[in-house]
Amino acid sequence: KNQVEQSPQSLIILEGKNCTLQCNYTVSPFSNLRWYKQDTGRGPVSLTIMTFSENTKSNGRYTATLDADTKQSSLHITASQLSDSASYICVVSEGYSSASKIIFGSGTRLSIRP
Amino acid sequence: DSGVTQTPKHLITATGQRVTLRCSPRSGDLSVYWYQQSLDQGLQFLIQYYNGEERAKGNILERFSAQQFPDLHSELNLSSLELGDSALYFCASGTYLAKNIQYFGAGTRLSVL
(Lines give C-alpha, C1' and ligand atoms only; values in the text may rest on other atoms or scores of the structure.)
Protein backbone atom coordinates (compact mmCIF):
# COMPACT_ATOMS: atom_id res chain seq x y z
CA LYS A 1 0.00 0.00 0.00
CA ASN A 2 1.36 3.44 -0.92
CA GLN A 3 2.04 5.41 2.22
CA VAL A 4 3.77 8.56 3.37
CA GLU A 5 4.76 8.82 7.02
CA GLN A 6 6.11 11.91 8.70
CA SER A 7 7.91 12.42 11.96
CA PRO A 8 7.79 13.92 14.42
CA GLN A 9 4.07 14.66 14.67
CA SER A 10 4.85 17.94 16.37
CA LEU A 11 7.96 19.89 17.31
CA ILE A 12 8.67 22.94 19.42
CA ILE A 13 11.97 24.80 19.05
CA LEU A 14 13.37 28.17 20.04
CA GLU A 15 13.66 30.97 17.52
CA GLY A 16 17.01 30.91 15.75
CA LYS A 17 17.54 27.18 16.14
CA ASN A 18 17.69 24.65 13.31
CA CYS A 19 15.43 21.65 12.91
CA THR A 20 14.94 18.66 10.63
CA LEU A 21 11.65 17.03 9.68
CA GLN A 22 11.47 13.50 8.32
CA CYS A 23 9.39 11.82 5.65
CA ASN A 24 9.42 8.11 4.76
CA TYR A 25 7.44 6.76 1.86
CA THR A 26 6.57 3.47 0.23
CA VAL A 27 5.07 4.92 -2.95
CA SER A 28 5.86 3.07 -6.16
CA PRO A 29 6.42 3.94 -8.94
CA PHE A 30 7.84 7.14 -7.53
CA SER A 31 7.43 10.31 -9.55
CA ASN A 32 8.32 13.20 -7.28
CA LEU A 33 8.29 14.37 -3.69
CA ARG A 34 7.17 17.77 -2.49
CA TRP A 35 7.25 19.62 0.79
CA TYR A 36 4.44 22.04 1.53
CA LYS A 37 4.08 24.63 4.27
CA GLN A 38 0.59 25.21 5.59
CA ASP A 39 -0.13 28.13 7.89
CA THR A 40 -3.13 27.63 10.15
CA GLY A 41 -6.35 28.14 8.21
CA ARG A 42 -4.55 28.72 4.93
CA GLY A 43 -3.92 26.60 1.85
CA PRO A 44 -0.62 24.68 1.57
CA VAL A 45 2.19 26.39 -0.31
CA SER A 46 4.86 24.43 -2.17
CA LEU A 47 8.40 24.76 -0.74
CA THR A 48 10.40 22.28 -2.81
CA ILE A 49 9.90 19.54 -5.35
CA MET A 50 12.36 16.76 -6.15
CA THR A 51 12.36 14.03 -8.74
CA PHE A 52 14.14 10.70 -8.60
CA SER A 53 17.45 12.10 -9.81
CA GLU A 54 17.58 15.06 -7.42
CA ASN A 55 18.91 14.56 -3.91
CA THR A 56 18.83 18.09 -2.58
CA LYS A 57 16.83 21.25 -3.22
CA SER A 58 16.96 24.57 -1.39
CA ASN A 59 14.48 27.38 -1.03
CA GLY A 60 15.94 30.08 1.17
CA ARG A 61 16.33 28.71 4.69
CA TYR A 62 14.58 25.47 3.68
CA THR A 63 16.66 22.58 2.34
CA ALA A 64 15.08 19.30 1.33
CA THR A 65 17.01 16.09 0.75
CA LEU A 66 15.89 12.91 -0.94
CA ASP A 67 17.35 9.41 -0.76
CA ALA A 68 15.43 7.45 -3.38
CA ASP A 69 17.17 4.21 -2.40
CA THR A 70 15.97 4.28 1.20
CA LYS A 71 12.80 6.20 0.27
CA GLN A 72 13.46 8.91 2.80
CA SER A 73 13.33 12.67 2.63
CA SER A 74 14.10 15.38 5.13
CA LEU A 75 13.33 19.07 5.36
CA HIS A 76 15.93 21.12 7.20
CA ILE A 77 15.05 24.59 8.43
CA THR A 78 17.94 26.86 9.28
CA ALA A 79 17.87 29.79 11.71
CA SER A 80 14.16 29.37 12.43
CA GLN A 81 11.88 32.39 12.61
CA LEU A 82 8.53 32.86 14.30
CA SER A 83 6.89 32.85 10.86
CA ASP A 84 8.09 29.28 10.34
CA SER A 85 5.42 28.12 12.78
CA ALA A 86 3.16 26.01 10.56
CA SER A 87 2.42 22.47 9.47
CA TYR A 88 4.87 20.93 7.03
CA ILE A 89 3.42 18.32 4.70
CA CYS A 90 5.33 15.76 2.66
CA VAL A 91 3.55 14.78 -0.56
CA VAL A 92 4.60 11.99 -2.92
CA SER A 93 3.32 11.45 -6.47
CA GLU A 94 2.97 8.00 -7.95
CA GLY A 95 3.34 7.60 -11.69
CA TYR A 96 3.23 10.20 -14.44
CA SER A 97 -0.30 10.15 -15.88
CA SER A 98 -3.13 12.62 -15.39
CA ALA A 99 -4.64 10.11 -12.97
CA SER A 100 -1.48 9.42 -11.00
CA LYS A 101 -2.05 9.29 -7.27
CA ILE A 102 -0.87 12.00 -4.96
CA ILE A 103 -0.33 10.81 -1.43
CA PHE A 104 -0.18 13.22 1.49
CA GLY A 105 1.61 12.68 4.76
CA SER A 106 -0.21 13.73 7.91
CA GLY A 107 2.21 16.59 8.48
CA THR A 108 4.54 17.84 11.21
CA ARG A 109 3.24 20.75 13.28
CA LEU A 110 6.19 23.06 14.02
CA SER A 111 6.00 25.73 16.68
CA ILE A 112 8.74 28.33 17.03
CA ARG A 113 9.01 29.94 20.47
CA PRO A 114 10.61 33.37 21.00
CA ASP B 1 -1.33 34.38 -4.57
CA SER B 2 -1.56 30.85 -6.01
CA GLY B 3 -3.88 31.84 -8.86
CA VAL B 4 -6.58 29.45 -7.62
CA THR B 5 -9.79 31.20 -6.55
CA GLN B 6 -12.27 29.69 -4.15
CA THR B 7 -15.63 31.15 -3.23
CA PRO B 8 -17.11 31.77 -0.80
CA LYS B 9 -14.41 32.20 1.85
CA HIS B 10 -16.81 31.41 4.67
CA LEU B 11 -20.13 29.62 4.73
CA ILE B 12 -22.43 29.13 7.69
CA THR B 13 -25.44 26.88 7.29
CA ALA B 14 -27.69 24.52 9.17
CA THR B 15 -27.83 20.73 9.31
CA GLY B 16 -29.77 19.17 6.48
CA GLN B 17 -29.01 21.98 4.08
CA ARG B 18 -27.15 21.90 0.75
CA VAL B 19 -24.27 24.14 -0.29
CA THR B 20 -22.09 24.62 -3.35
CA LEU B 21 -18.42 25.53 -3.20
CA ARG B 22 -16.78 26.98 -6.27
CA CYS B 23 -13.22 26.79 -7.55
CA SER B 24 -11.54 28.54 -10.47
CA PRO B 25 -8.21 26.90 -11.31
CA ARG B 26 -5.04 28.64 -12.44
CA SER B 27 -5.02 29.63 -16.08
CA GLY B 28 -3.95 26.63 -18.16
CA ASP B 29 -4.39 24.02 -15.42
CA LEU B 30 -6.62 21.15 -16.48
CA SER B 31 -6.76 19.26 -13.18
CA VAL B 32 -8.81 20.25 -10.19
CA TYR B 33 -8.59 18.50 -6.84
CA TRP B 34 -10.86 18.85 -3.82
CA TYR B 35 -9.72 18.26 -0.25
CA GLN B 36 -11.38 18.36 3.14
CA GLN B 37 -9.50 19.37 6.26
CA SER B 38 -11.24 19.02 9.59
CA LEU B 39 -9.96 20.82 12.68
CA ASP B 40 -6.36 19.83 13.44
CA GLN B 41 -6.50 17.05 10.85
CA GLY B 42 -4.51 16.41 7.71
CA LEU B 43 -5.79 16.98 4.22
CA GLN B 44 -8.23 14.32 3.04
CA PHE B 45 -8.43 13.88 -0.71
CA LEU B 46 -12.00 13.90 -1.99
CA ILE B 47 -11.98 13.87 -5.77
CA GLN B 48 -10.03 14.88 -8.87
CA TYR B 49 -11.22 16.10 -12.24
CA TYR B 50 -9.13 16.41 -15.36
CA ASN B 51 -10.41 18.42 -18.31
CA GLY B 52 -14.02 17.85 -17.32
CA GLU B 53 -13.80 14.17 -16.47
CA GLU B 54 -13.59 12.51 -13.08
CA ARG B 55 -10.12 10.95 -12.72
CA ALA B 56 -9.73 9.82 -9.15
CA LYS B 57 -11.92 9.43 -6.12
CA GLY B 58 -10.87 9.49 -2.52
CA ASN B 59 -12.87 9.49 0.70
CA ILE B 60 -15.83 11.36 -0.73
CA LEU B 61 -19.20 10.73 0.86
CA GLU B 62 -22.22 9.86 -1.28
CA ARG B 63 -23.85 13.09 -0.04
CA PHE B 64 -21.06 15.00 -1.78
CA SER B 65 -20.65 15.43 -5.51
CA ALA B 66 -18.50 17.50 -7.80
CA GLN B 67 -18.19 18.47 -11.40
CA GLN B 68 -15.83 20.35 -13.67
CA PHE B 69 -17.35 22.56 -16.33
CA PRO B 70 -16.13 23.26 -19.90
CA ASP B 71 -14.46 26.48 -18.72
CA LEU B 72 -12.58 24.25 -16.22
CA HIS B 73 -14.03 25.76 -13.08
CA SER B 74 -15.29 23.21 -10.60
CA GLU B 75 -18.04 22.99 -8.04
CA LEU B 76 -18.29 20.79 -4.98
CA ASN B 77 -21.85 20.13 -3.83
CA LEU B 78 -22.45 19.09 -0.25
CA SER B 79 -25.97 17.97 0.67
CA SER B 80 -27.85 16.78 3.77
CA LEU B 81 -25.17 18.52 5.79
CA GLU B 82 -24.19 17.19 9.19
CA LEU B 83 -22.30 18.83 12.03
CA GLY B 84 -19.27 16.69 11.16
CA ASP B 85 -19.06 18.24 7.71
CA SER B 86 -17.77 21.46 9.28
CA ALA B 87 -14.27 21.84 7.88
CA LEU B 88 -12.01 23.73 5.54
CA TYR B 89 -12.50 22.68 1.94
CA PHE B 90 -9.54 23.29 -0.34
CA CYS B 91 -9.37 23.23 -4.08
CA ALA B 92 -6.07 22.75 -5.86
CA SER B 93 -5.24 22.89 -9.53
CA GLY B 94 -2.34 21.57 -11.53
CA THR B 95 -1.18 19.63 -14.50
CA TYR B 96 0.62 16.33 -14.49
CA LEU B 97 2.88 17.78 -17.16
CA ALA B 98 4.44 20.02 -14.51
CA LYS B 99 5.58 17.30 -12.09
CA ASN B 100 2.08 17.19 -10.60
CA ILE B 101 2.63 20.41 -8.71
CA GLN B 102 -0.60 21.46 -7.06
CA TYR B 103 -1.48 25.04 -6.35
CA PHE B 104 -3.95 25.46 -3.52
CA GLY B 105 -6.68 28.00 -3.10
CA ALA B 106 -7.26 29.81 0.17
CA GLY B 107 -10.08 27.43 1.06
CA THR B 108 -13.72 27.71 2.03
CA ARG B 109 -14.50 27.42 5.73
CA LEU B 110 -17.81 25.64 6.17
CA SER B 111 -19.59 25.79 9.50
CA VAL B 112 -22.65 23.60 9.95
CA LEU B 113 -24.72 24.62 12.96
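For the numbers below, each heavy atom of this structure counts, side chains included, while hydrogens, waters and symmetry mates do not. Small disclaimer: the values here were computed from a predicted structure and weren't measured. Quick note on labels: first sequence line is chain A, next is B, and so on, each numbered from 1.
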Undergrad: Does Phe104(B) reach the side chain of Gln38(A), with side-chain heavy atoms less than 4.5 Å apart?
TA: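 Of all side-chain heavy-atom pairs linking Gln38(A) with Phe104(B), none is under 4.5 Å.
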Undergrad: Heavy-atom distances under 4.5 Å only: say whether Gln6(B) touches chain A with side chain, backbone, both or neither.
TA: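 It is neither, since no heavy atom gets under 4.5 Å.
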Undergrad: Is there a path of hydrophobic side-chain contacts, each under 4.5 Å between heavy atoms of I/L/V/M/F/W/Y residues, joining Ile47(B) to Leu78(B)?
TA: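 Yes; tracing contacts between hydrophobic side chains, which count when under 4.5 Å, links both residues.
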Undergrad: Could you tell me which portion of Phe45(B) (side chain, backbone, both or neither) has an atom closer than 4.5 angstrom to a non-hydrogen atom of chain A?
TA: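 For Phe45(B), there is no contact with chain A at all, as no heavy atom is under 4.5 Å.
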Undergrad: Is it true that, when you exclude Ile12(B) itself, more than 12 heavy atoms of the residues, nucleotides or ligands shown sit nearer than 6.0 Å to its CD1?
TA: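 Not buried by this count: 12 neighbours or fewer within 6.0 Å.
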Undergrad: Nearest 0.5 Å, please: how far is CZ in Phe104(A) from CD in Gln102(B)?
TA: 5.0 Å
Undergrad: So, for Leu88(B) and Gly41(A), which heavy atoms are closest and what is the spacing to 0.1 Å?
TA: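 Here Leu88(B) and Gly41(A) meet closest at CD1-CA, 3.8 Å.
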Undergrad: Chain B heavy atoms under 4.5 Å from Ile103(A): which part of the residue, side chain, backbone, both or neither?
TA: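 Neither part, no heavy atoms under 4.5 Å.
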Undergrad: In this structure, would Leu61(B) and Trp34(B) fall into the same cluster of hydrophobic residues linked by side-chain contacts under 4.5 Å?
TA: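 Yes, Leu61(B) connects to Trp34(B) through the hydrophobic network.
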Undergrad: Is there a path of hydrophobic side-chain contacts, each under 4.5 Å between heavy atoms of I, L, V, M, F, W or Y residues, that connects Trp35(A) with Ile13(A)?
TA: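 Both belong to a single hydrophobic cluster.
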Undergrad: For Glu53(B), does the CD atom sit with more than 12 other heavy atoms under 6.0 Å from it, leaving out its own atoms?
TA: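 Not more than 12 within 6.0 Å, no.
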Undergrad: Under 4.5 Å between side-chain heavy atoms, hopping through other hydrophobics if needed: is there a path connecting Leu11(B) to Leu46(B)?
TA: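 As far as the 4.5 Å side-chain criterion goes, Leu46(B) and Leu11(B) are connected within one cluster.
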Undergrad: When only pairs under 4.5 Å are counted, which of Gly107(A), Ser106(A), Pro44(A) shares the most heavy-atom pairs with chain B?
TA: Pro44(A)
